[in-house]
Number of protein chains: 2
Amino acid sequence: MAPRLVTDIQLVDRLTGLFRQVGYDGASLGAIAAATGLQKSSLYHRFPGGKQQMAAEASASVIQEFAGSVLAPVGSEAPLHERVTAIAANLDGFYDGGARYCLLDMLSVGDPGVDAASNLAAAAMAWISVFATLAREAGADEATARARAQDAIAAIEGALVVSRVTGDRSAFTRAIDGLAERLLGASGS
Amino acid sequence: MAPRLVTDIQLVDRLTGLFRQVGYDGASLGAIAAATGLQKSSLYHRFPGGKQQMAAEASASVIQEFAGSVLAPVGSEAPLHERVTAIAANLDGFYDGGARYCLLDMLSVGDPGVDAASNLAAAAMAWISVFATLAREAGADEATARARAQDAIAAIEGALVVSRVTGDRSAFTRAIDGLAERLLGASGS
DNA sequence: GTCTATACGACGATAGAC
DNA sequence: GTCTATCGTCGTATAGAC
């Protein structure tokens with residue numbers, strides 16, 4: 001067997017990056033081949049399930065990156081407010097200040113298949129769950145915590161839409177800067 | 001000339017509905033023909049510029065509908081808080097409680113052409129402008145008003161993304177119910 | 001103005017050599 | 001494991017009859 005020109009991790013990362021830029025339908029196999037450096041037939045060797053499997057694995061990798069990196073500070077020993085601030089900084093980096101879009105949005109337009117769709121739903125739920133945990137630590141009851149979590153995520157997702165349409169990223173910056181207040185309540189930590 | 005089987009208004013309305021459902025790339029000419037009741041060649045007679053012109057006119061019609069109907073209460077004689085409440089009710093209907101998506105999001109994924117893109121940007125700016133006007137009436141300074149307007153729109157757009165991905169529309173309902181507070185400030189009207 | 005029929009390229013996906 | 005070459009389909013868009 002010939003050596004792999006691209007590692008699995010590199011491959012999925014490049015897939016994720018492309019899907020985030022142009023969406024599912026916009027990422028043609030030709031564009032995927034160009035972005036990954038592999039020919040179409042090589043991609044089918046790696047992903048026998050075709051483009052839908054690529055979307056499924058790309059979305060699965062985002063769950064990993066989110067839980068294991070972006071949202072990781074939730075479980076640290078730092079004070080509540082510091083953990084939220086750390087997550088906010090991670091989110092700002094992950095979305096590059098609003099310049100990079102979210103896979104939840106970009107991949108859910110079109111028909112990426114049931115696997116990718118359920119992965120996206122699971123990723124969103126997990127994100128909500130982490131944010132809700134932080135809100136609960138701030139003293140909110142279960143329902144309020146879930147509401148604050150969803151609203152904080154919606155603020156970010158919506159700001160990314162506004163950014164994509166108008167080119168104005170200031171709403172995204174405000175969504176990040178206001179994360180702690182939105183999650184923990186106006187009173188602060 | 002044979003009589004028109006579908007009026008211009010019906011045609012653009014059906015186009016808009018389809019684009020909102022499946023996005024630009026998802027709306028193939030076959031699907032457009034099925035949704036409008038016209039054959040592909042008839043569509044090219046109405047829209048010589050092809051699919052991109054269809055997207056451009058669909059997006060242009062949304063500006064009209066938003067300014068002339070959904071956001072119309074902004075200019076009424078009613079008290080400020082009542083006008084915002086009326087707009088919130090209109091938005092709830094326009095998005096059907098979060099079940100119908102926003103053209104700003106769905107049409108900006110893919111390549112709908114420069115005309116549609118600039119129409120979407122103009123629609124977003126107009127929406128922001130109307131919301132900012134309401135915030136200013138509540139006493140906010142220019143910068144604060146614009147920020148509140150963008151954030152209120154982002155809350156709605158983001159809630160629609162969350163709705164699409166998770167199927168949970170509660171975030172949308174909260175975005176609508178909280179519109180007045182978000183726009184006019186926590187103190188109310 | 002709408003239709004049937006068609007051109008032609010791009011799409012996702014596969015076959016088979018190396 | 002990767003490649004070149006190709007398949008069949010569906011994409012957008014056109015031609016021309018009525």
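When distances run from any side-chain atom of B:R46 to the nucleotides D:dG1, C:dG1, C:dG12, the shortest one goes to C:dG1. With D:dT2, D:dT4, C:dC3 as the choices, the nucleotide that has an atom nearest any side-chain atom of B:S41 turns out to be C:dC3. With D:dC3, C:dA13, C:dT2 as the choices, the nucleotide that has an atom nearest any side-chain atom of A:Q39 turns out to be D:dC3. The A:L5 side chain lies nearest to D:dT2 when the options are C:dT2, D:dT14, D:dT2.
Side chain of B:Q150 to main chain of B:A147: no donor-acceptor pair is present (N/O by atom type, distance under 3.5 Å, no hydrogens or angles). Of the possible polar contacts, one joining the B:R83 side chain to the B:V74 backbone as a donor-acceptor pair under 3.5 Å is found.
Taking atom CE of B:M54 as the reference point, atom P of D:dG11 lies 13 Å away to the nearest angstrom. Rounded to a whole Å, the OH atom of B:Y44 is 17 Å from the P atom of C:dA7.
Backbone-only contact: B:S28 has heavy atoms under 4.0 Å from sugar-phosphate atoms and none from a base. Contacts of A:S42 with the nucleic acid, taken as non-hydrogen atoms under 4.0 Å apart, include base atoms.
Rounded to the nearest 0.5 angstrom, B:R136 CZ and B:E142 CD are separated by 5.0 Å.
A sub-4.0 Å separation between OP1 or OP2 of C:dT2 and a side-chain N or O of B:H45 is absent.
Note on ring orientation: taking the six-membered ring where Trp is involved, the planes of B:F94 and B:F66 are perpendicular (angle over 60°, cut-offs 30° and 60°).
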